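In what follows, a single structure is set out as C-alpha cells and then discussed.
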Amino acid sequence: MHIGRDTHSTLTGYDLDSQSMYTLYDKKLDNRYRLGLGLSFTHTNTDYNDDSSRKNFMVQGYVPFTYNNGNGLTAVSMARVGYADGEYKRRGNDRTYEADTKAVTYGLLNEARYTKDMGLFNLTPFVGLNAIGWYQDSMNEGNDPMALHIDSENIFSLESALGIYVDKGIEFNQDNRLNVALGLGYYHEFADPYRGVDAHHTGNVGNFRIKNKLISRDRGILSAKVNYDYKDFSVYGEILQYLEEEHPVEIEGGIKYRF
C-alpha cells in the first residue's frame, strides 16, 4: 500500500509504504456458518518531508466468523489482536531525536451485506460497526533538555459504516475470472480517537498535549477495485479516495494464493 501527502500549513507531508503478508485457515461448520483463523505480518515505513521517519512492524491474529443464508445475505464478525514494535526519528532544533515504539491493538469488526443480481451487475448495500482499541506504550527520546517523553495512552474508536458496492464479474473460463467493483461508503465516529497524548520535554516540569489535526467524525470514501483470479492465484488493486478536504488517495495492491 502507498499513501502520499503534500506539506500543508504546519502539517508535514509524507510518503507511507506498507507491505503485508496474510495467512488464513477457514473451516465450513455447516451450510451457513464458517469459522476462520488468520495471521498477518505488516511492515510500514514512513518518510516525512522534514527528514523525519518512522518504521513499524506489526503481527496480528484474526478470528472471523461468517454467516451466509445462501440467498445474498452475508454477515461477518471478526475479532483481532496485534502487537507492534518500531522506532521513529524526529528532526528538531538542528538535530535528530529517536525513540522506540511499542503498541497493542485489539478490536471487533462487524459487517452485514446483501447482494442483489441486477442482470448486468451486482448491487450490494452494507452496514457495519467496528470497535477498535489501541494501547501505545510510553516513548522516551533521551536526556537532551528538548527531548520528548510521551506518556502511554489508550485510544478507542467506535465507528459505524453505511454504503453500497456495484460490481461486475466476467468469467473467461473455469480458471480465469475478472471482477471490477465501485463503492461509496459513509462512516461516523462515536468515540474520541483523536484526543492525542500527554508529553513533556526532559528539561521542563509542565506537560502538554500532542493532538492530531481535528478530523471530522463523519467521512465518506469512494473506492474502485479490480480483482483477477487465475486458478488459485489472485491479483488485485484498489484505490480509496477520502471525500473530506486535504485527505489523500490510498493505493493498495497485492497477490493472494489459496492453498
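Source: prediction; values computed, not measured.
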**Asked** Could you go step by step and tell me if Leu243 and Leu184 meet the side-chain contact (heavy atoms from CB on, under 4.5 Å) rule?
**Response** CA-CA 10 Å; Leu243 299 182; Leu184 174 62; 4.3 Å; yes
Pair [X], [Y]: side-chain N/O donor-acceptor within cut-off below 3.5 Å:
{"X": "Gln60", "Y": "Tyr22", "result": "no"}
{"X": "Arg80", "Y": "Tyr62", "result": "no"}
{"X": "Glu238", "Y": "Ser223", "result": "no"}
{"X": "Tyr114", "Y": "Asn71", "result": "no"}

Taking atom [atom1] of [X] and atom [atom2] of [Y], what is their separation to the nearest 0.5 Å?
{"X": "Ile150", "Y": "Asp137", "atom1": "CD1", "atom2": "CG", "value": "11.5 Å"}
{"X": "Met146", "Y": "Glu141", "atom1": "CE", "atom2": "CD", "value": "10.0 Å"}
{"X": "Glu111", "Y": "Met78", "atom1": "CD", "atom2": "CE", "value": "10.0 Å"}
{"X": "Asn179", "Y": "Arg177", "atom1": "CG", "atom2": "CZ", "value": "10.0 Å"}
{"X": "Leu182", "Y": "Phe121", "atom1": "CG", "atom2": "CZ", "value": "11.0 Å"}
{"X": "Asn122", "Y": "Thr115", "atom1": "CG", "atom2": "OG1", "value": "6.5 Å"}

Under the 3.5 angstrom rule, does the side chain of [X] hit a backbone N or O of [Y] as a donor-acceptor pair?
{"X": "Asn110", "Y": "Leu129", "result": "yes"}
{"X": "Arg217", "Y": "Glu189", "result": "yes"}
{"X": "Arg34", "Y": "Asn31", "result": "no"}
{"X": "Thr105", "Y": "Gly133", "result": "yes"}
{"X": "Lys116", "Y": "Gly72", "result": "no"}

Could you tell me which non-hydrogen atom of [X] sits nearest to which non-hydrogen atom of [Y], and how far apart they are?
{"X": "Lys102", "Y": "Gln136", "answer": "O-NE2, 3.0 Å"}
{"X": "Ser157", "Y": "Ala191", "answer": "CA-CB, 4.1 Å"}
{"X": "Tyr236", "Y": "Ile255", "answer": "CE2-N, 4.1 Å"}
{"X": "Thr42", "Y": "Ser18", "answer": "CG2-OG, 3.3 Å"}
{"X": "Gly142", "Y": "Asn140", "answer": "N-OD1, 3.1 Å"}
{"X": "Leu109", "Y": "Asn130", "answer": "CA-OD1, 3.3 Å"}

**Message:** Heavy-atom count check: over 12 atoms from other residues, nucleotides or ligands less than 6.0 Å from Ile170 CD1?
**Reply:** yes
**Request:** Return yes when atom CG of Asn154 has more than 12 non-hydrogen atoms of other residues, nucleotides or ligands closer than 6.0 Å, and no otherwise.
**Result:** yes
Are [X] and [Y] connected in the hydrophobic side-chain network, where two residues link if heavy atoms are under 4.5 Å apart?
{"X": "Val63", "Y": "Ile132", "value": "no"}
{"X": "Met139", "Y": "Tyr97", "value": "no"}
{"X": "Leu37", "Y": "Tyr67", "value": "yes"}
{"X": "Met21", "Y": "Val59", "value": "yes"}
{"X": "Leu240", "Y": "Phe126", "value": "yes"}

Evaluate the ring planes of [X] and [Y], with Trp represented by its six-membered ring, and classify them as parallel (under 30°), tilted (30 to 60°) or perpendicular (over 60°).
{"X": "Phe41", "Y": "Phe57", "answer": "parallel"}
{"X": "Phe65", "Y": "Tyr33", "answer": "parallel"}
{"X": "His188", "Y": "Phe190", "answer": "perpendicular"}

**Request:** Output, in order, the C-alpha distance, side-chain angles, deciding distance and verdict of side-chain contact (heavy atoms from CB on, under 4.5 Å) for Ser52 and Tyr88.
**Result:** CA-CA 8 Å; Ser52 300; Tyr88 72 83; over 6 Å; no
**side-chain contact (heavy atoms from CB on, under 4.5 Å) between Asp100 and Glu87, worked out** = CA-CA 4 Å; Asp100 294 328; Glu87 64 177 13; 4.0 Å; yes
**Item:** Derivation of the side-chain contact (heavy atoms from CB on, under 4.5 Å) call for Glu250 and Tyr242
**Value:** CA-CA 8 Å; Glu250 293 187 15; Tyr242 293 85; 2.9 Å; yes
**Asked** Going by heavy atoms in the side chains, are Asn176 and Asp229 under 4.5 Å from each other?
**Response** no
**Request:** Determine, stepwise, if the pair Ser53 / Asp47 fulfils side chain to side chain donor-acceptor pair (under 3.5 Å).
**Result:** CA-CA 5 Å; Ser53 65; Asp47 290 318; 4.9 Å; no
